[in-house]
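One-based numbering, in listed order, for ligands and for the atoms of each. Residue numbers start at 1 and run along the sequence shown.
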Amino acid sequence: MALDNPLAIYKLLPKSNCQRCGVPTCLAFSAAVIKGDKFLKDCPHLDSRKISQFEGKIIRQTSPEERSKQVLEPLKKELRTVNFSASAERLGAALSHNKLTVKCLGKDFTVDAKGNVKSDCHINLSVIVPLLNYIIYSAGNEPSGKWVPFRELSSETIWDSFFLQRFEKPLKELTDAHPDLIEDMIHIFQGRPVKTTFEADISLVLHPLPKVPLLICYSKPAEDLESQFNVFFDETAGTNLGVDSIYRLCVGLLGMFQKITERHLRSS
Ligand code: SF4
């Protein structure tokens with residue numbers, strides 16, 4: 001597995017923040033490694049076996065083009081091992097001429113065996129990386145209908161606060177400022193209003209990927225009460241997509257919502 005973000009590096013470290021590497025914290029060291037300013041050997045607590053095991057797997061940030069290449073090349077290589085015709089059902093995808101068409105965020109994305117992706121939708125790494133990971137690694141488990149919060153998808157708690165700060169919280173603020181966004185989620189992203197046992201003004205299911213549904217529960221602010229905004233996933237989501245990919249996909253989804261609301265503001 002490639003190490004392409006600071007959190008992946010952080011997991012390897014002792015997390016003592018001892019500063020012997022010359023930076024204030026282990027997290028700052030992780031960011032410096034990804035930027036190419038530090039190397040694993042600069043942490044004196046890592047043994048040589050661990051350094052040689054992981055140093056070659058680090059994908060450092062360079063230009064956007066170079067970064068795309070570094071992230072996508074290993075995934076495309078792995079994709080060649082996938083039997084497309086045997087995978088359509090597993091993925092909830094359509095198969096035609098040995099290409100898979102996967103509904104991602106309400107839009108069709110067609111992928112060929114070499115990893116080339118076509119869509120009417122804007123294609124960026126936030127979508128492509130989770131999409132290819134889904135095709136390669138999804139267990140194909142059918143959603144069970146039991147909704148759980150992001151933190152219960154995996155024991156990798158490191159992503160929880162990122163999910164809250166970079167997706168759930170900004171999306172709540174965006175929805176508070178632009179209540180029409182809920183309508184856009186229904187029409188543009190083919191969201192489906194549902195009844196749930198959660199108390200909310202609206203409960204809406206979106207499908208970032210066919211077997212990775214997401215439930216948004218939103219209650220508008222009322223009098224002195226602030227709005228309530230919660231996101232849930234089917235309990236099987238973590239078996240069909242890694243939590244890091246779920247996180248990336250959600251951040252990509254937030255970016256799309258932000259662009260839509262900006263367009264609304266410009267046109268009004
Ligand atoms: S030397 Fe290692 S353990 Fe100490 S702060 Fe740096 S990265 Fe963390």
Handout entry: N98 atom CG, over 12 foreign heavy atoms within 6.0 Å
Key = yes
Handout entry: Sub-2.8 Å protein N, O or S atoms surrounding atom 8 (Fe) of ligand 1
Key = C26 SG
Handout entry: Y10 six-ring face occupied by K15 cation (under 6.0 Å, within 45°)
Key = yes
Problem - Proximal ligand 1 atoms for P44, defined as those under 4.0 Å from one of its heavy atoms - result: 1 (S)
Exercise for the section: Give a yes or no on whether a salt bridge exists between K172 and E226, defined as a side-chain N under 4.0 angstrom from a carboxylate O. Expected result: yes
Practice task
Please determine if D234 and K146 form a salt bridge, counting it only when a charged side-chain N lies under 4.0 Å from a carboxylate O.
Solution key: no
Handout entry: Ionic contact status for R60 with E55, cut-off 4.0 Å
Key = yes
Practice task
Only pairs at least two apart or in different chains count here, so list each ring pair (Phe, Tyr, Trp, His ring centres under 6.0 Å) that has a residue in residues 153-177.
Solution key: F150-F163, W159-Y247, F163-F167, F163-F233
